[in-house]
There are 2 protein chains.
Amino acid sequence: MDREGYGLVDALVQASFTTMAVLNKAAADHDLSLTQLRVVGILADRRLRVSDLAAYLGLEKSTMSGLIDRAEKRGILTRLPSETDGRAVDVTLTPAGRALADRIHARVRAGLSPMTGGLTAAEKTRLRGLLEKILMPNGSPRLP
Amino acid sequence: MDREGYGLVDALVQASFTTMAVLNKAAADHDLSLTQLRVVGILADRRLRVSDLAAYLGLEKSTMSGLIDRAEKRGILTRLPSETDGRAVDVTLTPAGRALADRIHARVRAGLSPMTGGLTAAEKTRLRGLLEKILMPNGSPRLP
DNA sequence: TATTGTTATACTCTATAACTATA
DNA sequence: TATAGTTATAGAGTATAACAATA
């Protein structure tokens, strides 16, 4: 059987769990859940509608409402009426939210450095290329 | 600045989220959460104490109790008294749980194949090697 | 005394269903 | 009629604190 593919799947799953543990820690350091961390990361350079966020994250709109409620209450983001659709609501980071996004990004890079730091520059380039190749542009949810 | 390392971190995070989405879907197909899926996967070929499971997953013992309660109620696993420590409780999969573990493993492989399938055999080998290299044997929780 | 595990409590995450307002 | 978003409800995941039993 495909012994080679087997080992790859295991390595990919293992590396993903390890990466997620780092992200989780980074989020917890800022009193955020992993999902909140994602929302902040996505909104760092975008303004999106509630339904777009939900679709990209694979969550129900009602779940999104709750997440936004709690983040808004903490001053991380704000709701704005869409300028083109009377039914829609846009979400953007507040200045405080943008500052938080910067801190988180730095924190994630630092947290991941023990993993990536052992690679040579050539290996980093090769790994990045291979990871981008398996990201399958079709099939995953896209941002508008 | 380290422009190269930056792209790698992003690719790693992105690939991890995509992988997690696949695992989540596989778990949902069997009415499991991601954490339950991990528990089943870990116990597939091991018998562990509650506290070892909690430590490896980075969860509190009380959280572990709840997870085990629900899985036990569904007939996936069972609690057994430790043979060496009167305070400890071992956890193992039931035959039904082991069958479930097999189905999940196949399901995960199938779910991930669109990602890994685009690589040549040589690329798979290279990617697996690089992923294993960043798994940093020190720093992550270990199984006993 | 320290460790193992459970229980009680509280909060977040998540989905489903029912609803309002707009397209 | 269909879509965008909210609210109500319920269950799972999670942590903290208090506890019983064993080491």
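Sequence lines set the chain letters: A, B, ... in the order given, protein chains first and strands last, and positions in each chain run from 1. Every value quoted in this text rests on a predicted model; they were computed, and no experiment measured them. All values below were derived from every heavy atom in this structure, side-chain atoms included, with hydrogens, water molecules and symmetry-related copies excluded.
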So which protein N/O to nucleotides 20-23 of chain D N/O distances come out below 3.5 Å?
{"residue": "D/dA23", "atom": "OP1", "partner": "B/Gly86", "partner atom": "N", "Å": "2.8"}
{"residue": "D/dA23", "atom": "O4'", "partner": "B/Arg87", "partner atom": "NE", "Å": "3.4"}

- Can you check whether B/Leu32 reaches B/Leu100 side chain to side chain, under 4.5 Å on heavy atoms? yes
- Pairwise distance CG(B/Leu8) to CD(A/Glu123) - rounded to 0.5 angstrom: 10.5 Å
- Task: Nearest 0.5 Å please: distance from the CD atom of A/Gln36 over to the CD1 atom of A/Ile104.
- Result: 9.5 Å
- Salt bridge or not for B/Arg49 and B/Asp90, using N-O below 4.0 Å? no
- Item | Nucleotide C/dT12, atom P - distance to CG of A/Leu57 in whole Å | 19 Å
- Item | For atom CG of B/Asp90 and atom C1' of C/dT4, their distance in whole Å | 12 Å
- May I have the distance from B/Ile68 (atom CD1) to C/dT6 (atom P), rounded to whole angstrom? 6 Å
- Message: Nearest 0.5 angstrom please: B/Lys124 NZ to A/Ile134 CD1, how far?
- Response: 11.5 Å
- Query: Tell me, do A/Lys133 and B/Thr116 make a side-chain contact under 4.5 Å, heavy atoms counted?
  - Reply: no
- Item | Nearest-nucleotide pick for B/Thr63, side chain only, options being D/dA15, D/dT7, D/dG5 | D/dA15
- Message: Using 0.5 Å steps for rounding, measure from the CG atom of B/Leu48 to the CE atom of B/Met64.
- Response: 9.5 Å
- Rounded distance (Å) that lies between atom C1' of D/dA4 and atom NZ of A/Lys61: 5 Å
- Sub-4.0 Å heavy-atom contacts from residues 70-79 of chain B onto DNA chain C, ordered by number: B/Arg79
- side chain to side chain donor-acceptor pair (under 3.5 Å) against A/Asp52, all qualifying residues, sequence neighbours excluded: none
- What residues, two or more places apart in sequence or in another chain, satisfy side chain to side chain donor-acceptor pair (under 3.5 Å) together with A/Asp102? none
- Message: So which atom in B/Thr78 and which in B/Thr94 form the shortest heavy-atom distance, rounded to 0.1 Å?
- Response: CG2-CG2, 3.5 Å
List, one per line, each side-chain donor-acceptor pair under 3.5 Å for residues 12-20 of chain B, sequence neighbours excluded.
{"residue": "B/Ser16", "atom": "OG", "partner": "A/Thr19", "partner atom": "OG1", "Å": "3.4"}
{"residue": "B/Ser16", "atom": "OG", "partner": "B/Leu12", "partner atom": "O", "Å": "2.8"}
{"residue": "B/Thr18", "atom": "OG1", "partner": "B/Gln14", "partner atom": "O", "Å": "3.0"}
{"residue": "B/Thr19", "atom": "OG1", "partner": "A/Ser16", "partner atom": "OG", "Å": "3.4"}
{"residue": "B/Thr19", "atom": "OG1", "partner": "B/Ala15", "partner atom": "O", "Å": "2.8"}

- Checking D/dG5, C/dG5, D/dT7 against the side chain of A/Asp69 (C-beta onward), the nearest is D/dT7
- Message: Give the residues of residues 18-54 of chain A touching DNA chain C, defined as any heavy atom closer than 4.0 Å, sorted by residue number.
- Response: A/Ser33, A/Thr35, A/Gln36
- Message: Measuring from the side chain of A/Leu67 (C-beta onward, heavy atoms only), which nucleotide among C/dT16, C/dT14, C/dT6 has the closest atom?
- Response: C/dT14
- Note on the structure: A/Met64 atom CE is separated from C/dT12 atom C1', nearest whole Å, by 14 Å
